[in-house]
Amino acid sequence: MRLPRALLFIALMAMLAITGCTSDVPSSGQQQPPATTNNGETTQPPPATEEPNSSKQPSAEQPSSKERPSSNSTDGEEVKEKKVMLVFSDANLMKQYKEPRTIKYKKEENLPTIALMAWKNGPQNKELTTLMPKNAEVQWLKKEGNTAVISLSPEIKQANLGSSGEQFLLEEMATILSQFGYKDMKVLIDGKEVDTILGHMDTTTPIEPLNFAELKEMK
């Protein structure tokens, strides 16, 4: 049985309409064509957003280069200065004089020893002299009550001094230490008590310091 031409035409048009609808739906992997505005201009669709890459983000636990501590950091201790008085005798061992000196230190408890080291190194005034042998050392210093107990190395015995020189040497050390709260000074050699260091002065009893007010500065 043959269908009328009108029915065949209608069926053909329906198939074409179905095919056109399916071709207008874009696939998920295809790029959408640019849209056309009323003015005839085309606009591009917004680009697809990219997921942030976690490897590009700095870690919160890692400080930046500006925040990292420097490898050349110091101990943080401040170097301070203090003016002290040293005591020296003249070259003829006739009289003693005081000489102001500025010394550097980090810890205040080291001031007495640093002052004695400056004294041992000699005066700035060329008319004064030091009585401490160059190879003699202050081994340690401690406080017992109001007394400074100081231990000298055995080289102190090499000092070529008579009774006045030995007296001056001990008095100068005791006077320098009196600036740091010591009333007097007891001397040991290599940590041991001795009757005398050079055979003239008694060192079994503490040495009394001089009065700074009675000492003059050599001009």
Side-chain angles (χ1 to χ4, degrees), residues 80-219:
K80 304 176 184 178
E81 293 184 350
K82 186 176 179 64
K83 187 176 181 179
V84 299
M85 284 290 181
L86 306 182
V87 183
F88 300 96
S89 66
D90 58 7
N92 296 322
L93 303 182
M94 298 296 293
K95 198 172 182 179
Q96 291 159 299
Y97 297 86
K98 60 185 177 183
E99 184 178 86
R101 188 75 58 85
T102 299
I103 59 176
K104 295 182 179 181
Y105 69 100
K106 290 183 179 181
K107 296 181 179 180
E108 192 168 355
E109 58 264 30
N110 295 334
L111 275 171
T113 303
I114 296 174
L116 286 177
M117 290 175 62
W119 167 76
K120 175 198 167 184
N121 290 335
Q124 294 176 340
N125 192 311
K126 295 182 179 180
E127 296 185 25
L128 300 177
T129 186
T130 180
L131 302 176
M132 186 84 157
K134 291 184 178 181
N135 57 347
E137 299 290 342
V138 177
Q139 295 176 324
W140 50 261
L141 186 152
K142 66 179 181 178
K143 187 174 184 179
E144 291 185 357
N146 293 323
T147 300
V149 181
I150 181 172
S151 177
L152 303 177
S153 64
E155 288 78 11
I156 189 64
K157 294 182 178 181
Q158 297 176 9
N160 187 18
L161 300 171
S163 58
S164 296
E166 184 178 357
Q167 178 182 348
F168 278 15
L169 183 147
L170 295 174
E171 287 178 345
E172 290 172 11
M173 286 193 292
T175 306
I176 293 170
L177 293 176
S178 68
Q179 299 172 91
F180 307 104
Y182 299 108
K183 182 181 178 181
D184 47 32
M185 178 191 72
K186 185 173 179 60
V187 176
L188 309 179
I189 294 182
D190 208 17
K192 300 177 182 179
E193 292 188 10
V194 291
D195 296 335
T196 181
I197 60 172
L198 297 176
H200 308 290
M201 293 289 296
D202 180 15
T203 54
T204 59
T205 58
I207 309 298
E208 298 288 336
L210 302 174
N211 187 348
F212 268 113
E214 297 177 356
L215 294 175
K216 297 181 180 180
E217 293 183 38
M218 179 171 282
K219 305 298 181 181

Could you go through residues 206-219 and list every donor-acceptor pair under 3.5 Å that involves a side-chain atom there, pairing it with any protein atom two or more places apart or in another chain?
unit_1, atom_1, unit_2, atom_2, d
N211, OD1, A213, N, 3.0

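- Take T129 and apply the side-chain contact (heavy atoms from CB on, under 4.5 Å) test, not counting sequence neighbours, and it matches S89, L131.
- Closest heavy-atom contact between W119 and F88: O-CE2, 3.3 Å.
- Pairs engaging residues 162-175 under the salt bridge (charged side-chain N to carboxylate O under 4.0 Å, His left out) rule: none recorded [sequence neighbours left out].
- Of all the heavy atoms in A136 and I156, the pair that sits closest is CB-N, 3.9 Å.
- Taking CG of L116 as the start and CG of N121 as the end, the distance is 11.0 Å to the nearest 0.5 Å.
- Take Q158 and apply the side-chain hydrogen bond (donor to acceptor under 3.5 Å, both in side chains) test, not counting sequence neighbours, and it matches N135.
- How far OG1 of T175 is from CG of L86: 11.0 Å, rounded to the nearest 0.5 Å.
- Using a 4.5 Å cut-off on side-chain heavy atoms (C-beta onward), I150 and V138 make contact.
- Atom CG of D202 is surrounded by more than 12 heavy atoms from other residues, nucleotides or ligands within 6.0 Å.
- Among residue pairs with one or both ends in residues 150-162, none qualify as salt bridge (charged side-chain N to carboxylate O under 4.0 Å, His left out); sequence neighbours excluded.
- N110 is not listed as a side-chain neighbour of Y105, based on a closest heavy-atom distance of 4.5 Å or more.
- Screening residues 113-141 for salt bridge (charged side-chain N to carboxylate O under 4.0 Å, His left out), with sequence neighbours left out, gives K120-E137.
- Residue pairs that meet the side chain to side chain donor-acceptor pair (under 3.5 Å) test with at least one member in residues 90-100, sequence neighbours left out, are E99-R101.
- Residue pairs meeting the salt bridge (charged side-chain N to carboxylate O under 4.0 Å, His left out) criterion with at least one partner in residues 139-150, sequence neighbours excluded, are K142-E144.
- Of all heavy-atom pairs spanning T196 and H200, the tightest one is OG1-N, 3.2 Å.
- Closest of all the heavy-atom pairs between V194 and T203 is O-OG1, 2.7 Å.
- Separation of atoms NZ (K107) and OG1 (T113) is listed at 13.0 Å; rounding is to 0.5 Å.
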When the side chains of residues 180-193 are checked against the rest of the protein, which donor-acceptor pairs come out under 3.5 Å, sequence neighbours left out?
unit_1, atom_1, unit_2, atom_2, d
D184, OD1, T147, OG1, 2.7
K186, NZ, T204, O, 3.2
D190, OD1, Q139, NE2, 3.1

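- For the pair L152 and M132, the minimum side-chain heavy-atom distance is below 4.5 Å.
- Between I114 and V84, every side-chain heavy-atom pair lies at or beyond the 4.5 Å cut-off.
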